[in-house]
Colleague: 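First the structure, which I've put down as structure tokens, then a few questions once you've had a look.
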There are 2 protein chains.
Amino acid sequence: MTSSPHFHILIEKIFSINVTAEELKSIPEPSLRRLPVYLQYLQNARETGKTEISTTLIARDLRLDPTQVRKDLAYTGIIGKPKIGYNIDILINSIEDYLNWNNLSDAFLAGAGNLGLALLGFEQFTKYGIKIVALFDNDGRKIDREVKGVPVLPVEKMASLAKRMHIHIGIITVPASSAQSVAEQMVAGGIKAIWNFAPKMLKLPEEIIVENAQFATSLAVLTRKLAESLKMVE
Amino acid sequence: MTSSPHFHILIEKIFSINVTAEELKSIPEPSLRRLPVYLQYLQNARETGKTEISTTLIARDLRLDPTQVRKDLAYTGIIGKPKIGYNIDILINSIEDYLNWNNLSDAFLAGAGNLGLALLGFEQFTKYGIKIVALFDNDGRKIDREVKGVPVLPVEKMASLAKRMHIHIGIITVPASSAQSVAEQMVAGGIKAIWNFAPKMLKLPEEIIVENAQFATSLAVLTRKLAESLKMVE
DNA sequence: AATATATTGTGAAATCCATCACAAAATATT
DNA sequence: AATATTTTGTGATGGATTTCACAATATATT
Ligand SMILES: NC(=O)c1ccc[n+]([C@@H]2O[C@H](COP(=O)([O-])OP(=O)(O)OC[C@H]3O[C@@H](n4cnc5c(N)ncnc54)[C@H](O)[C@@H]3O)[C@@H](O)[C@H]2O)c1
Ligand SMILES: NC(=O)c1ccc[n+]([C@@H]2O[C@H](COP(=O)([O-])OP(=O)(O)OC[C@H]3O[C@@H](n4cnc5c(N)ncnc54)[C@H](O)[C@@H]3O)[C@@H](O)[C@H]2O)c1
């Protein structure tokens with residue numbers, strides 16, 4: 001980069017140039033992870049009839065630092081008014097746009113078991129930018145049914161169908177032992193991003209985006225902190 | 001702290017003094033979050049018949065920095081051999097001990113719906129240190145049944161039962177609108193750590209440990225990175 | 001036995017992220 | 001109209017985490 005990122009952003013604001021991949025990448029991952037938390041908080045706040053909100057208040061309610069909230073929100077391009085704060089509707093839109101959650105992406109889900117069907121039943125995914133359009137399984141008893149209007153198809157058809165339908169997102173809820181093979185079939189079908197619920201690290205080409213929904217990670221923090229706090233009172 | 005942490009740990013090793021809350025706290029949270037990833041990787045590696053493993057190899061497979069892996073593992077107290085690496089069995093045990101996953105903790109789960117039942121059916125939780133011993137719901141049709149040997153009870157009984165059974169961990173899989181009230185009932189029952197799947201920030205006393213299993217967070221990273229990579233090829 | 005090699009363990013440096021401090025701006029109050 | 005108050009936006013600072021650099025060590029090779 002030859003010019004400073006700050007200068008770049010200024011230029012973008014003035015001339016409405018589309019941000020490039022370079023700039024898109026520049027948000028710190030911790031900030032990115034906080035954006036959905038703000039979003040959910042703001043949607044709640046909107047329901048109470050509020051129209052404006054300050055980072056002072058957001059930070060108090062979410063137990064964060066106000067400057068941190070301001071800097072996080074700034075990544076989405078939002079501009080506030082001193083002494084007032086931000087317009088809630090505009091702010092919500094700004095975050096959703098930034099996350100690309102205003103454009104629903106179609107997704108395939110492999111593994112129509114307990115977790116897979118629970119995910120399918122979770123209507124709120126449409127709020128999070130994705131829509132599950134087909135399930136795939138290798139169990140004959142599950143195939144060729146429809147669940148909540150979504151067809152369950154044989155996993156062999158997944159790759160070709162993904163290609164034909166230009167699907168970019170795959171969700172894996174098969175047992176760990178099948179996860180690698182299913183992931184490879186997804187990649188063969190042109191899928192670019194995989195949300196993996198199986199407790200198994202996938203080995204895939206570098207350019208494939210893999211987000212592991214590791215329940216174990218979450219539990220590690222929980223059980224460890226609990227052990228700490230129980231030790232403390234001993 | 002008057003003496004260096006390093007000195008402390010040495011003393012602990014020599015005299016087998018229990019680590020105190022002070023020392024327990026000292027692991028960086030990013031390191032803590034990586035431990036379950038190593039654990040799962042190591043369990044896989046063990047199944048292939050390996051008995052020793054180096055951080056060089058772990059790092060290559062998990063796409064991490066070898067020094068980082070070494071420092072992370074060191075928090076669990078493991079000691080390796082130059083030129084060889086670590087004994088896999090001992091290393092696995094060391095991580096499990098550190099996370100307290102060798103002592104199963106009983107947990108209550110509120111919300112016997114899609115996700116709650118999927119979680120119940122997930123036997124591997126016993127590998128992650130917890131055991132769901134009772135479900136609670138407010139839907140008469142679900143109450144007083146047993147699911148996989150675990151009773152479904154009316155949510156009104158949760159607090160008193162938690163107290164009586166000295167339950168420390170609660171899992172919330174009720175709709176967002178009921179999450180706060182259910183969480184408060186858990187706290188009233190003496191529960192100290194809550195694993196919250198409802199997309200709702202809970203307002204609870206500071207000493208209560210809350211770990212939000214935010215699906216939205218995971219998806220934000222996925223959809224954002226995907227948007228970036230699609231921009232790139234434009 | 002001497003040398004080469006791969007790895008651990010750890011201070012030091014670099015990078016990344018969170019927090020502090022404060023000027024500028026918008027509104028409310030006197 | 002002047003002053004006080006609250007908040008935004010941001011450069012500077014501090015702290016946490018990652019990465020680098022390298023000595024020490026265990027084993028393999030000659
Ligand atoms: N259930 C949970 O709460 C939970 C939580 C965290 C992680 N997970 C993980 O999610 C995955 C699914 O868990 P689950 O409880 O839903 O298991 P499940 O057994 O209920 O479902 C797995 C489904 O995958 C199908 N399947 C198996 N191999 C396949 C293949 N090669 N191609 C296509 N489909 C295939 C099976 O027929 C079944 O329908 C597992 O990896 C599990 O470890 C589950
Ligand atoms: N299903 C998913 O894949 C998924 C994913 C992420 C998050 N979530 C969240 O998890 C929660 C549960 O989702 P779900 O799909 O299982 O919903 P669900 O409607 O299938 O289950 C909710 C259960 O909670 C019970 N319940 C409602 N109010 C209660 C109360 N006050 N006390 C006790 N029980 C009560 C209901 O009777 C029902 O059995 C929701 O907050 C949802 O947003 C679900």
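Protein chains get the first letters and strands the later ones, always in sequence-line order, with residue 1 at the start of each. Everything numeric in this text was worked out from a predicted model, so none of it was measured.
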Colleague: Side chain of Thr56(B) only, heavy atoms from C-beta on: which candidate in dT19(C), dT17(D), dT8(C) is closest?
Modeller: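 Looking only at side-chain atoms, Thr56(B) lies closest to dT8(C).
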Colleague: Between Arg70(B) and dT8(C), does any side-chain N or O lie under 4.0 Å from OP1 or OP2?
Modeller: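 Answer yes for this pair, as a side-chain N or O of Arg70(B) is under 4.0 Å from OP1 or OP2.
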Colleague: Atom OH of Tyr75(B) to atom P of dT8(C): distance rounded to whole Å?
Modeller: 17 Å
Colleague: Could you tell me how far apart Ile79(B) (CD1) and dT7(C) (C1') are, to the nearest whole angstrom?
Modeller: 15 Å
Colleague: Looking at Ile53(A), Asp72(A), Val37(A), Leu64(A), which one forms a side chain to side chain contact (heavy atoms under 4.5 Å, CB included) with Ile58(A)?
Modeller: Ile53(A)
Colleague: Can you check whether Thr76(B) reaches Asp97(B) side chain to side chain, under 4.5 Å on heavy atoms?
Modeller: no
Colleague: Which part of the nucleic acid, if any, lies within reach of Thr67(A) when heavy atoms closer than 4.0 Å are counted: base, sugar-phosphate only, or nothing?
Modeller: base
Colleague: With a 4.0 Å heavy-atom cut-off, tell me which residues in residues 33-48 of chain B come close to DNA chain C, sorted by residue number.
Modeller: none
Colleague: Starting at atom CD1 of Ile78(A), determine the distance to atom P of dT7(D), rounded to an integer number of angstrom.
Modeller: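 The answer, rounded to whole Å, is 17 Å.
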Colleague: Taking NZ from Lys71(B) and C1' from dT18(D), how many angstroms apart are they, rounded to a whole number?
Modeller: 8 Å
Colleague: Heavy-atom nearest nucleotide on DNA chain C for Gly80(B) versus Asp72(A): which residue maps closer to 5'?
Modeller: Gly80(B)
Colleague: Answer yes or no: is there a side-chain heavy-atom contact under 4.5 Å between Ile92(B) and Gln43(B)?
Modeller: yes
Colleague: Where the side chain of Lys83(B) is concerned, which of dA28(D), dC20(C), dA26(C) is the nearest nucleotide?
Modeller: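 Selected nucleotide: dA28(D).
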Colleague: Find the distance Asp65(B):CG to dA14(C):C1' and express it as a whole number of Å.
Modeller: 13 Å
Colleague: If you check every side-chain atom of Ile84(B), which of dT27(D), dC20(D), dA12(D) has the closest atom?
Modeller: dT27(D)
Colleague: Could you state the CZ-P distance from Arg63(B) to dT19(D), rounded to the nearest angstrom?
Modeller: 15 Å
Colleague: With a non-hydrogen cut-off below 4.0 angstrom, is Ser54(B) in contact with a base, only sugar-phosphate, or nothing?
Modeller: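 The answer is sugar-phosphate, as Ser54(B) gets under 4.0 Å only of primed atoms, P, OP1 or OP2.
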Colleague: Given dT8(C), dT19(D), dT19(C), identify the nucleotide with an atom nearest to the side chain of Gln68(A).
Modeller: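 Between dT8(C), dT19(D), dT19(C), the one nearest the side chain of Gln68(A) would be dT19(C).
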Colleague: In whole Å, what is the span from the CD1 atom of Ile58(B) to the P atom of dT7(C)?
Modeller: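 My rounded result for the distance is 11 Å.
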Colleague: What do you reckon, are the aromatic ring centroids of Phe125(B) and Phe122(B) less than 6.0 Å apart?
Modeller: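 Yes, the ring centres sit under 6.0 Å apart.
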Colleague: How many angstroms lie between atom CD of Glu123(A) and atom CD1 of Ile132(A), to the nearest 0.5 angstrom?
Modeller: 10.5 Å
Colleague: Is a salt bridge present between Glu211(B) and Arg33(B), judged by a nitrogen-to-oxygen distance below 4.0 Å?
Modeller: yes
Colleague: Under 6.0 Å between ring centres, would you say that holds for Trp195(B) and Phe108(B)?
Modeller: no
Colleague: Please report, rounded to the nearest Å, how far the C1' atom of dC16(C) is from the CD1 atom of Ile27(A).
Modeller: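 The answer, rounded to whole Å, is 14 Å.
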Colleague: Starting at the 5' end of DNA chain D and moving along, which residue's nearest nucleotide shows up first, Pro82(B) or Lys81(A)?
Modeller: Lys81(A)
Colleague: Between Thr55(B) and dT7(C), is there a contact of a side-chain N or O with OP1 or OP2 at under 4.0 Å?
Modeller: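 Looking at the OP1 and OP2 atoms of dT7(C), neither is under 4.0 Å from any side-chain N or O of Thr55(B).
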Colleague: For a quick test of reading the model: is some side-chain N or O of Tyr86(A) closer than 4.0 Å to OP1 or OP2 of dA26(C)?
Modeller: no
Colleague: Check for me whether the distance between the ring centres of Phe197(B) and Phe215(A) falls short of 6.0 Å.
Modeller: yes
